[in-house]
Amino acid sequence: MKEKYLTTEYPNIFFEDNKVGQLKKRLWDASEEEIQRILDDYGIPSDSEMGKPCCYIQTSPRKMVIEKRHKNDIVLVPIGCTENHGIHNNSGLDTFMCSSICEAVRRKTAKAGHEVALALPPINYGGHPYHHCGMPGTVMTSEKSIVDTLINVMVGLWDDGFRKIILVNNHGMDWMLESAIQEFFKRYQLPAFATVVEWHRAVREFFYPLGDERPDFVSTPFVHADEAETSAALLMFPGMVDMSCVVDAQAKSFGMLDGGFYDGSVDSFHRPNKWSEAEGHRVIERFGTPEGVVGYPSRGEPRRVKRAIAAICEYLNAMVEDILEAYPAGQVPDPRKFSLRPYEEIEPCLREPLSEGWKSVHELPRRGFFID
């Protein structure tokens, strides 16, 4: 079995011997100088491109959007929230973090001649776990509103020819995004590819607390508004962080299930349960950590997360390239092997929008059990 894995000097950190595992191992072994060259290639750090012309679908002339889509019909959709990340951080940290990563991948693919599309973040407030209730600075919306919003966004993007959709998540509400994808397919039965990439978890190995041995790693486990997130903010948008007022804080327990039952925010330790699978064993944030922090943000510095940021950019870029290699722009997996709709019903919707014979998703009859 050993030949199937790429090992490291740490027995609990290893990678599969496949495309993704080899990518991660390359980055694990890279020197800090090599990591910096990768970040430079992605243009990290850069100012936010949300208001920069021609970077997002919504900031580009429609003619340009269509021309780019003919080369690359994948769209990255950053998903963030408004959440208290401590007195030293901005409450839009999650939104700016994932959008900065998506923008970096856009720049990289533009150099390659097939620029990936970006859609403005559809969720700026976010759904939240129960233990976030009552925290000032955290704006909570219902799970139903999150799911419905994302379904509607995916339908609109699909109707415009973006049939490969990657939701790049930076916030603790993965289960809502997963639900939205499943419900999207159940309701509409469209041939498409859609996925969630919770970016921290996708490169969790690079958030392992090794800072005492490797100074370019964090020294504490990734939880919330802590060393890891603050380091990432200092790298990507330092002007939104004020380290002069930073405060550390630790979660409070009710005295049960503290011995390795539940993992942290990025599942670093491969524990039996995800953090999101329970409530009631920890004091809620309002009473336990009113500071809005769980961890040691005072230890934050950009160097500690450069490898993780390089890893997620390379991973998303590899995902884009892998999809395009199998299904170039304008092509999707065979609808007859994916959708339960008759092919003749769905074929007009697969044509170029507004071309001869094209039909909108909204002209399709409703089918199946999962419709409102």
Under a 3.5 Å distance rule, please check whether [X] uses its side chain to pair with a backbone N or O of [Y] as donor and acceptor.
| X | Y | result |
| --- | --- | --- |
| R106 | I101 | no |
| S339 | Q189 | yes |
| D248 | S298 | yes |
| H224 | G292 | yes |

Do [X] and [Y] have a side chain donor and acceptor closer than 3.5 Å?
| X | Y | result |
| --- | --- | --- |
| Y10 | E213 | yes |
| S219 | D212 | no |
| Q22 | D17 | yes |
| N84 | T138 | no |
| N169 | H200 | no |
| H171 | E198 | no |
| E352 | H70 | yes |
| N89 | T230 | yes |
| H128 | E83 | no |

Considering all heavy atoms, the nearest [X]-[Y] contact:
| X | Y | answer |
| --- | --- | --- |
| C133 | I284 | O-CD1, 4.3 Å |
| A228 | V218 | CA-CG1, 3.8 Å |
| D159 | V361 | OD1-N, 2.8 Å |
| A225 | G86 | CB-N, 4.4 Å |
| T141 | S145 | CB-OG, 3.6 Å |
| S91 | G137 | CB-O, 3.9 Å |

Rounded to the nearest 0.5 Å, what separates atom [atom1] in [X] from atom [atom2] in [Y]?
| X | Y | atom1 | atom2 | result |
| --- | --- | --- | --- | --- |
| H88 | S244 | NE2 | OG | 11.0 Å |
| I309 | R304 | CD1 | CZ | 15.0 Å |
| E178 | W175 | CD | CH2 | 10.0 Å |
| S253 | R282 | OG | CZ | 4.5 Å |
| M319 | L23 | CE | CG | 11.0 Å |
| R204 | H270 | CZ | NE2 | 6.5 Å |

With the threshold set at 4.0 Å, does a side-chain nitrogen-carboxylate oxygen contact exist between [X] and [Y]?
| X | Y | value |
| --- | --- | --- |
| K71 | E115 | no |
| D216 | R307 | yes |
| E314 | R26 | yes |
| K274 | D263 | no |
| D41 | R37 | no |
| E32 | R303 | yes |
| K359 | E363 | no |
| R201 | D267 | yes |

Do F207 and W199 have their ring centres less than 6.0 Å from each other? yes
Ring centres under 6.0 angstrom apart (H281, F261):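 No.
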Is the number of heavy atoms from other residues, nucleotides or ligands under 6.0 Å of [X] [atom1] greater than 12?
| X | atom1 | result |
| --- | --- | --- |
| Q58 | CD | yes |
| F193 | CZ | yes |
| F14 | CZ | no |

Taking side chain to side chain contact (heavy atoms under 4.5 Å, CB included) as the criterion, tell me which of D148, N152, I146 meets it with L150.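 Among D148, N152, I146, the one that satisfies the side chain to side chain contact (heavy atoms under 4.5 Å, CB included) with L150 is I146.
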Only one of V105, V196, T195 clears side chain to side chain contact (heavy atoms under 4.5 Å, CB included) with I166; which? T195
Salt bridge (charged side-chain N to carboxylate O under 4.0 Å, His left out) assessment of D73 paired with K164: CA-CA 7 Å; D73 58 353; K164 298 140 190 175; 2.9 Å; yes
Can you check side chain to side chain contact (heavy atoms under 4.5 Å, CB included) on N72 and L324, steps first, answer last? CA-CA 7 Å; N72 188 342; L324 284 180; 3.6 Å; yes
Mind running salt bridge (charged side-chain N to carboxylate O under 4.0 Å, His left out) on K19 and D322 for me, showing each step along the way? CA-CA 10 Å; K19 182 179 290 187; D322 200 80; 2.5 Å; yes
Stepwise, does the salt bridge (charged side-chain N to carboxylate O under 4.0 Å, His left out) test hold for D29 with K24? CA-CA 9 Å; D29 291 336; K24 288 186 173 184; over 6 Å; no
[X] vs [Y] side-chain heavy atoms within contact, under 4.5 Å:
| X | Y | answer |
| --- | --- | --- |
| E229 | F222 | yes |
| Q250 | V293 | no |
| I57 | L157 | yes |
| V294 | D226 | no |

Quick one: list whatever passes side chain to side chain contact (heavy atoms under 4.5 Å, CB included) with D47, sequence neighbours left out.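 So D47 forms no side chain to side chain contact (heavy atoms under 4.5 Å, CB included) with any residue.
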Within 45° of the axis and under 6.0 Å from the centre of the six-membered ring of [Y], does NZ or CZ of [X] qualify?
| X | Y | answer |
| --- | --- | --- |
| R336 | Y343 | yes |
| R214 | W28 | yes |
| R351 | W358 | no |
| K108 | Y42 | yes |

Run the salt bridge (charged side-chain N to carboxylate O under 4.0 Å, His left out) test on K52 and E103 for me, step by step, so that the C-alpha distance in whole Å, both residues' side-chain angles and the decisive distance to 0.1 Å come before the verdict. CA-CA 11 Å; K52 185 177 178 181; E103 290 163 7; over 6 Å; no
Qualifying ring-ring contact (aromatic ring centres under 6.0 Å, His included) pairs, either residue in residues 290-335, two or more places apart: none
Using 30° and 60° as the class limits, which term best fits the ring planes of F206 and F15: parallel, tilted or perpendicular? parallel
All ring-ring contact (aromatic ring centres under 6.0 Å, His included) counterparts of F269, not counting sequence neighbours: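 Residues passing ring-ring contact (aromatic ring centres under 6.0 Å, His included) with F269: Y208.
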